[in-house]
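Single-structure report; data block below.
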Amino acid sequence: MKERGMWNGNAFSGTKIALICGSMLVCYQRDQKQGIPFPGLWDLPGGGREDQESPVECVIREVEEEFGLQIAAGRIQTLTRYESLTPAGLDTYFCAARVTEDEIRSIRFGSEGQRWTLMTIDAFLERPDAVPHLQARLSELMSRP
């Protein structure tokens, strides 16, 4: 696993992941609920840390809860730490993994979000209704050698 800003054991708020199948990306539309961050916007799998999880353990659990997919830690290609977007907030992590067409067909969408879809990476990056900081992180990831 290629790591930038490797986890040093400090507290963090959560981990998001780009699940990539060829040139396609697994995305979901967030619930349209008052009081949640980014209501109704297109998002990537992942979420908040529980207990003493590492960033990788966090995202593995979240992907299984949200999409019914089991992603082994060794499949995660990159892990990048980002400083909090809010003052005095906790850092977050972003990573990526390749998934197969068979895994896409086996997705069982959980109870969070309105719907899921595959969209091209470029389409996600260009959407005006996607979570902006995830667009920036995905763009950065895709520009790495």
Side-chain angles (χ1 to χ4, degrees), residues 1-99 103-104 107-145:
M1 172 173 41
K2 181 177 172 186
E3 300 187 54
R4 297 171 187 245
M6 189 187 318
W7 186 49
N8 60 9
N10 288 349
F12 66 96
S13 65
T15 309
K16 288 287 191 170
I17 190 167
L19 295 176
I20 300 169
C21 183
S23 64
M24 305 299 281
L25 183 67
V26 175
C27 307
Y28 76 100
Q29 189 174 26
R30 294 181 62 80
D31 286 317
Q32 191 72 45
K33 293 180 182 175
Q34 189 173 359
I36 67 167
F38 311 106
L41 295 188
W42 285 94
D43 198 354
L44 299 177
R49 180 186 195 199
E50 292 183 2
D51 302 318
Q52 298 300 309
E53 291 175 320
S54 72
V56 170
E57 291 167 337
C58 172
V59 81
I60 287 170
R61 176 188 48 76
E62 286 283 344
V63 167
E64 186 166 5
E65 288 175 3
E66 294 172 352
F67 291 88
L69 297 178
Q70 295 181 347
I71 305 296
R75 292 176 60 192
I76 295 176
Q77 299 170 340
T78 184
L79 179 67
T80 306
R81 181 184 55 81
Y82 289 90
E83 290 184 9
S84 174
L85 296 173
T86 59
L90 296 174
D91 293 344
T92 61
Y93 285 84
F94 185 74
C95 57
R98 297 275 174 188
V99 291
E103 287 173 310
I104 297 298
I107 286 177
R108 290 177 285 106
F109 191 55
S111 61
E112 294 180 26
Q114 299 178 55
R115 59 189 166 137
W116 77 275
T117 193
L118 283 178
M119 66 176 71
T120 66
I121 292 167
D122 287 341
F124 182 82
L125 293 174
E126 295 168 4
R127 291 190 76 98
D129 61 345
V131 177
H133 68 272
L134 293 179
Q135 289 173 308
R137 292 173 187 181
L138 180 61
S139 179
E140 177 186 319
L141 174 73
M142 299 313 293
S143 69
R144 292 181 189 163

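Looking at Leu69, Val63, Ile71 one by one, the single match for side-chain contact (heavy atoms from CB on, under 4.5 Å) with Pro45 turns out to be Val63.
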Next on the checklist: Could you walk me through whether Val131 and Leu44 satisfy the side-chain contact (heavy atoms from CB on, under 4.5 Å) test, starting with their C-alpha distance in whole Å, then the side-chain angles of each, then the deciding distance to 0.1 Å, before giving a yes or no?
Outcome noted: CA-CA 8 Å; Val131 177; Leu44 299 177; over 6 Å; no

Item to check | Evaluation steps, side-chain contact (heavy atoms from CB on, under 4.5 Å), between Phe67 and Val26 | outcome: CA-CA 10 Å; Phe67 291 88; Val26 175; 3.7 Å; yes

Next on the checklist: Evaluate Cys95 against Val56 for side-chain contact (heavy atoms from CB on, under 4.5 Å), listing each step before the verdict.
Outcome noted: CA-CA 8 Å; Cys95 57; Val56 170; over 6 Å; no

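In this structure, Phe94 has its ring center at least 6.0 angstrom away from the ring center of His133.
In this structure, Ser23 has no side chain to side chain contact (heavy atoms under 4.5 Å, CB included) partners at least two apart in sequence or on a different chain. Partners of Glu64 according to the side-chain hydrogen bond (donor to acceptor under 3.5 Å, both in side chains) rule, which considers only residues two or more places apart in sequence or in another chain, are Gln70. Contacts of Gln135 classified as side-chain hydrogen bond (donor to acceptor under 3.5 Å, both in side chains), with partners at least two apart in sequence or in another chain: none. Checked against salt bridge (Lys or Arg N to Asp or Glu O under 4.0 Å), Arg137 has no partners two or more places apart in sequence or in another chain. Residues satisfying the side chain to side chain contact (heavy atoms under 4.5 Å, CB included) criterion with Met119, sequence neighbours excluded, are Cys27, Trp42, Thr117, Ala123, Phe124, Arg127. Among residues two or more places apart in sequence or in another chain, the side chain to side chain contact (heavy atoms under 4.5 Å, CB included) test is passed with Gln34 by none. Residues forming a side-chain hydrogen bond (donor to acceptor under 3.5 Å, both in side chains) with Arg108 (at least two apart in sequence, or on another chain): none. Annotation: side-chain hydrogen bond (donor to acceptor under 3.5 Å, both in side chains) contacts of Thr86 (sequence neighbours excluded): Ser84.
Here CG of Asp122 is found 9.5 Å from OG of Ser139. Values are rounded to the nearest 0.5 Å. Taken from CD1 in Ile20 to CD1 in Ile121, the straight-line distance is 4.5 Å, to the nearest 0.5 Å. To the nearest 0.5 angstrom, Glu103 atom CD is 8.5 Å from Leu19 atom CG. Rounding to the nearest 0.5 angstrom, the gap separating the OH atom in Tyr28 from the CD1 atom in Ile107 is 13.0 Å. Rounded to the nearest 0.5 angstrom, Asn10 CG and Asp91 CG are separated by 8.0 Å. Between Ile17 atom CD1 and Leu25 atom CG the span is 10.5 Å, to the nearest 0.5 Å.
Sorted by first and then second residue, the salt bridge (Lys or Arg N to Asp or Glu O under 4.0 Å) pairs with a member in residues 37-55 read Lys16-Asp43, Arg30-Asp43, Glu50-Arg61, Glu53-Arg61; sequence neighbours excluded. Residue pairs meeting the ring pair (Phe, Tyr, Trp, His ring centres under 6.0 Å) criterion with at least one partner in residues 73-92, sequence neighbours excluded, are absent. The list of salt bridge (Lys or Arg N to Asp or Glu O under 4.0 Å) pairs with a residue in residues 31-41, not counting sequence neighbours, reads Asp31-Lys33.
Residue Ala72 comes nearest to Ile60 through the heavy atom pair C-CD1, 4.3 Å, listed as atom of the first residue, atom of the second, then distance. Of all the heavy atoms in Cys58 and Gly14, the pair that sits closest is SG-CA, 4.2 Å. When all heavy atoms of Leu41 and Pro132 are compared, the closest pair comes out as CD1-CD, 4.4 Å. In plain terms, the two heavy atoms of Phe109 and Gln114 that are nearest each other are CE2-C, 4.1 Å.
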